[in-house]
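Worksheet: the structure to be examined is printed underneath.
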Amino acid sequence: MSHSMTYSEKVSRFKGCLLAHAIADAAAAPFEGASTADSALGPFDFERRPYLKYSDDGEMTLGAAESLAECGGFDDEHMAKTWANHANAHRGYGGGVVTTLRMIREGKPWAEASRAVFSDGSYGNGAAMRVSPFGLLYASDREKLQRTVARSAEITHAHPAAIQGAQLIASAVSLAASDEGTDVWFDQLRDLKVNATYGAKLDDACEMVGHDTIPLDVVSSLGNTVDAEGSAVTSIYLAIRFINEPLAALIGFAIDLGGDTDTLAAMAAGIWGARNGVQAIPAVALDRLEDRHRFEVAAEKVAKLSVKP
Ligand code: AR6
Ligand code: MG
């Protein structure tokens with residue numbers, strides 16, 4: 001955070017992050033699994049959706065923020081129980097994580113449950129899609145951010161690619177929440193110890209920024225799939241590309257990508273909201289978001305915690 005940022009500006013960014021994330025998740029969820037559009041079809045129209053119901057992305061992010069606030073920071077046991085107990089089966093959770101969360105509810109230690117479905121751990125983007133509250137809370141301490149995010153990812157997603165995807169998204173949120181210009185984001189993200197696939201995609205994304213890409217180009221270079229490697233850098237690219245544009249434009253383009261639209265949109269919008277603040281989100285979207293007040297309260301509590309001496 002820059003020293004000149006007031007507390008109310010900070011609260012606006014924390015709310016902007018969580019609310020934009022949930023709104024984008026809800027707006028894009030009905031398009032999950034769609035094919036990639038040949039050309040960009042334009043901004044999402046909030047008017048056509050009377051109710052914005054968030055999916056697993058929003059639910060786990062809310063749980064993360066509430067657990068961080070309640071514990072005054074990260075507590076792995078509490079976080080695991082919160083995610084497990086809050087999980088609503090109707091919100092579209094990934095098949096592996098449903099089983100892992102059920103095992104945690106039944107009392108299995110998370111470190112065992114996390115490797116019970118896939119012995120190498122899940123490489124899905126489920127750890128990255130819920131990580132924005134960590135990026136906000138630990139924005140001023142990069143080392144602590146990486147360590148804490150890795151541990152939070154492991155609760156359900158022990159595979160290194162899932163952990164690194166979560167670290168990339170959390171770092172992008174923290175860069176957005178500070179006033180670091182997007183021109184230096186890629187340098188900072190390359191400094192994380194990520195695998196060669198992420199490294200190559202960060203290079204491609206950096207190259208694509210500033211060019212007028214179509215959805216097919218973005219998907220063929222960066223991906224649109226449920227694995228963390230197939231989506232984390234895509235969302236970072238989306239956030240940078242639309243950082244100075246309306247949220248509806250970002251969501252529209254995420255939907256045009258097809259595939260895992262809700263998670264692509266949510267991760268990108270969380271980054272966008274951490275830079276632009278809640279005042280940049282249209283009232284029609286805020287008014288229609290399910291549990292809007294609960295997201296706002298959680299964001300305020302995390303903001304308060306972040307300035308605690
Ligand atoms: N080996 C084989 N397949 C795997 C592995 C692995 N190690 N890891 C993941 N998969 P999951 P998520 C495949 O269940 O990451 C929702 O739409 C496997 O097919 O851990 O929390 C959300 O909105 C598995 O079911 O869930 C997210 O967009 C799938 O990847 C998305 O799902 C997802 O991994 C990811 O959710
Ligand atoms: Mg998804």
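Atoms within each ligand, like the ligands themselves, are counted from 1 in listed order. In this text, all values refer to a predicted model and were calculated from it rather than measured experimentally.
- Lys201 has no carboxylate O lying under 4.0 Å from a charged side-chain N of Asp204, or vice versa, which leaves the two without a salt bridge.
- At a threshold of 4.0 Å, the pair Arg115-Glu154 does not count as salt-bridged, since none of the basic side-chain nitrogens sits closer than that to a carboxylate oxygen.
- When only interatomic distances are considered, the shortest N/O to N/O separation between Asp57 and ligand 1 falls below 3.5 Å.
- Residue contacts with ligand 1 include Gly92, since one or more of its heavy atoms lies under 4.0 Å from the ligand.
- Within ligand 1, counting atoms from 1 as listed, the ones closer than 4.0 Å to a heavy atom of Gly95 are 14 (O), 25 (O).
- Of the candidates Ser122, Gly121, Ala161, Gly94, the one placing a heavy atom closest to atom 26 (O) of ligand 1 is Gly94.
- By the 3.5 Å distance cut-off applied to N or O atoms, Gly96 is counted among the residues near ligand 1.
- Side-chain atoms of Ser152 come within 3.5 Å of backbone N or O of Val149 as a donor-acceptor pair.
- Remark: the Glu229 side chain and the Asn125 side chain contain no N/O donor-acceptor pair separated by less than 3.5 Å.
- Near Asp56, meaning under 4.0 Å from any of its heavy atoms, are these atoms of ligand 1: 16 (C), 22 (C), 23 (O).
- Classification of the Phe253-Phe242 ring pair by plane angle, with boundaries at 30° and 60°, yields tilted.
- Residue Val97 has at least one nitrogen or oxygen atom sitting less than 3.5 Å from a nitrogen or oxygen atom of ligand 1, judged on distance alone.
- By the 3.5 Å distance cut-off applied to N or O atoms, His157 is counted among the residues near ligand 1.
- A heavy-atom separation below 4.0 Å is found between Asp120 and ligand 1.
- In this structure, Arg147 pairs ionically with Glu143, as a charged nitrogen and a carboxylate oxygen lie closer than 4.0 Å.
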